[in-house]
Amino acid sequence: MSSAANSADVDLFVIGAGSGGVRAARIAAGHGARVMIAEEYRVGGTCVIRGCVPKKLLVYAARFAHEFEDAAGFGWKLSAPKFDWRALIANKDREIARLEAAYTTGLEKAGVTIVRGRAVVEDAHTVRLDGDGRRIAARHILVATGGAVSHGPEIPGIEHVISSNEAFHLTELPRGILIQGGSYIAVEFAGIFSGMGSDVALVYRGDNILRGFDDDVRARLRVEMQACGIRVVTGQTVVAVARAGERYTARLSSGDELAVDRVMFAIGRRPNVAGLGLEAAGVALARDGAVAVDEYSRTSVPSIYAIGDVTNRVNLTPVAIREGHAFADTVFGGRATRVDHADVPTAVFSEPEIGVVGLTEGAARARFECVDIYKAEFRPMKATLSGRDTRMLMKLVVDGVSGRVLGCHIVGEGAGEMIQLVGIAVKMKATKADFDATMALHPTAAEELVTMRQPSARHLRQAAQ
Ligand code: NDP
């Protein structure tokens, strides 16, 4: 270790107080390390401040629209409900401020020193604080700076385009909004704005939304979104945005124009490495711009580690938290710990919700000799009286040889909650016979998962010619 490391001010300097960085800092401090953490925006990071948490609060708000409509079939007579966007945003902001304070207190109680401002890596053991120019000598540096919004290639009028960051703080609910993108953020916000009463057009460049998800899930969600009144435009991109008085006109690659109150892009995030000084410090980046790390989250510079979205492995909050915890145990807890990135359950909080774990049918068929598909598409019980035109999808992808459940895909109410638990079974390598041996719980939607007797299809891999 260099002399700088021996005379270190801290054992660990964490850059970025998001979910992963905060966990790493607290656990490292618990192992006895002297820890400093820098945050240039707000403690809590993307997930807490302008991601998963406020998004889910808006999703709850949007879903009341269906509840009010569905209530009539169950005998309720309601006067026309009124929605107050500003009240929702103010309440959401209050809750986010409470969480930010809780995160801050948690760090302080753990003995972590919080630095408000930007930190830049100068070399393997030095971090410079942009605010006062102070240099901190650190035995280890952890980069946990997450991802940054990317708006893609420059197009005319790009300055009029908002991202999810701004969507959380709009002063008015847009009457009409165009959302470009076809993944998590795009479909979630399409459901949010549609539920609140906005006219929503979703513009996606490919042939169907949610590339990478199981094809049946993609098809089901598209039908459901369209049934909610969302206009799904595929095979198109937004090529220009122009201001038209109080509104905006978006021109699509087809030449069509859409007049809306807001244009939002949700076309991905890139690893947040700009201006961090990583390359100058000798930290290797991968081709996608992410910090390259080994299975212990160590970069090419042995004293510098990186976790979470900045490493672009599995970009989900619980994964970043796991990686942060594993890093702290490895470096300060005397227990080398790797994170298993296989079979991570995930949910899309679209309307309706999606929950998936494991392999899609396509991925399983590419890897396994024999794949059995069990599928149920049905009208959920609640829709019988509400009259809502919706269907739920449950799908199991099973290895036809061993019987192991390789993947589970759910579209419908409660899919996220269900998939968290199915995730345990899939992680334990449960077989279809284990699912069958589990008694159904009636009447639930989830019982379909243990009552699908006959495969709807069996796929044998074609022998290579
Ligand atoms: P993703 O990276 O998941 O998807 C980007 C979307 O934008 C894709 O549909 C992609 O199309 C499209 N796209 C990319 N570049 C362009 C372009 N130049 N022009 C037009 N379309 C383009 O991004 P998101 O913004 O949805 O999400 C960001 C991250 O946040 C993800 O990593 C996700 O895991 C995470 N997240 C997770 C959530 C959850 O767990 N519920 C919720 C929200 C976010 P194509 O498919 O053709 O590549």
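Note that the numbering runs from 1 along the sequence shown for the chain. Counting starts at 1 for both ligands and their atoms, following the listed order. Quick note: numbers below take in every heavy atom, side chains included, and nothing from hydrogens, waters or symmetry partners.
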Would you say R205 and ligand 1 have an N/O pair spaced under 3.5 Å apart?
yes

Please write down residue, atom name and distance for the protein heavy atom closest to atom 7 (O) of ligand 1.
I267 CA, 3.1 Å

Has R50 got its NZ or CZ under 6.0 Å from the middle of the six-membered ring of Y41, at an angle within 45 degrees of the ring axis?
yes

Below a 4.0 angstrom heavy-atom separation, can you tell me which part of D309, side chain or backbone, both or neither, approaches ligand 1?
neither

Between H140 and F332, what is the ring plane arrangement, given parallel below 30°, perpendicular above 60°, and tilted in between?
perpendicular

Looking at ligand 1, does any of its N/O atoms fall within less than 3.5 Å of an N/O of A347?
yes

Can you pull out the closest protein heavy atom to atom 9 (O) of ligand 1? Residue, atom name and distance to 0.1 Å, please.
G182 N, 3.0 Å

Can you name the one residue among V161, I162, L170 that meets side chain to side chain contact (heavy atoms under 4.5 Å, CB included) with M264?
I162

Return the residue, atom name and 0.1 Å-rounded distance of the protein heavy atom closest to atom 29 (C) of ligand 1.
R269 CD, 4.0 Å

Sub-3.5 Å donor-acceptor pair from the side chain of T431 to the main-chain atoms of D434, do we have one?
yes

Atoms of ligand 1, numbered as shown, that sit under 4.0 Å from any heavy atom of A266:
6 (C), 7 (O), 25 (O)

Would you find more than 12 non-hydrogen atoms of other residues, nucleotides or ligands less than 6.0 Å from E295 atom CD?
yes

Would you name the heavy atoms of A29 and A110 that are closest together and state the gap between them?
CB-O, 3.3 Å

Which of these, G51, G181, G146, P153, has its nearest heavy atom closest to atom 18 (N) of ligand 1?
P153

Just need the protein heavy atom nearest to atom 32 (O) of ligand 1, so name the residue and atom and give the distance.
N315 CB, 3.5 Å

Please check if atom CZ in R26 has more than 12 non-hydrogen atoms from other residues, nucleotides or ligands closer than 6.0 Å.
no

Is the terminal nitrogen or CZ of K432 (NZ for Lys, CZ for Arg) located under 6.0 angstrom from the six-membered ring centre of Y374 and within 45° of that ring's axis?
yes

Below 30° counts as parallel, above 60° as perpendicular, anything between as tilted: where do the rings of F83 and W85 land?
perpendicular

Around atom 39 (C) of ligand 1, find the nearest protein heavy atom and jot down its residue, atom name and distance.
Y184 CD2, 3.2 Å

Which residue supplies the protein heavy atom nearest to atom 44 (C) of ligand 1, what is that atom called, and how far is it?
I185 CG1, 3.4 Å

Quick one: look up the protein heavy atom nearest atom 40 (O) of ligand 1 and list residue, atom name and how far away it is.
L316 CD2, 3.3 Å

Could you tell me which atoms of ligand 1, counted from 1 in the order shown, lie closer than 4.0 angstrom to a heavy atom of K55?
41 (N), 42 (C)

Could you identify the single nearest non-hydrogen protein atom to atom 25 (O) of ligand 1 and state the distance to 0.1 Å?
G268 N, 3.2 Å

Candidates R63, R391, K382 - the one meeting salt bridge (Lys or Arg N to Asp or Glu O under 4.0 Å) with E413:
K382

For ligand 1, find out whether one of its N or O atoms is nearer than 3.5 Å to an N or O atom of S183.
yes

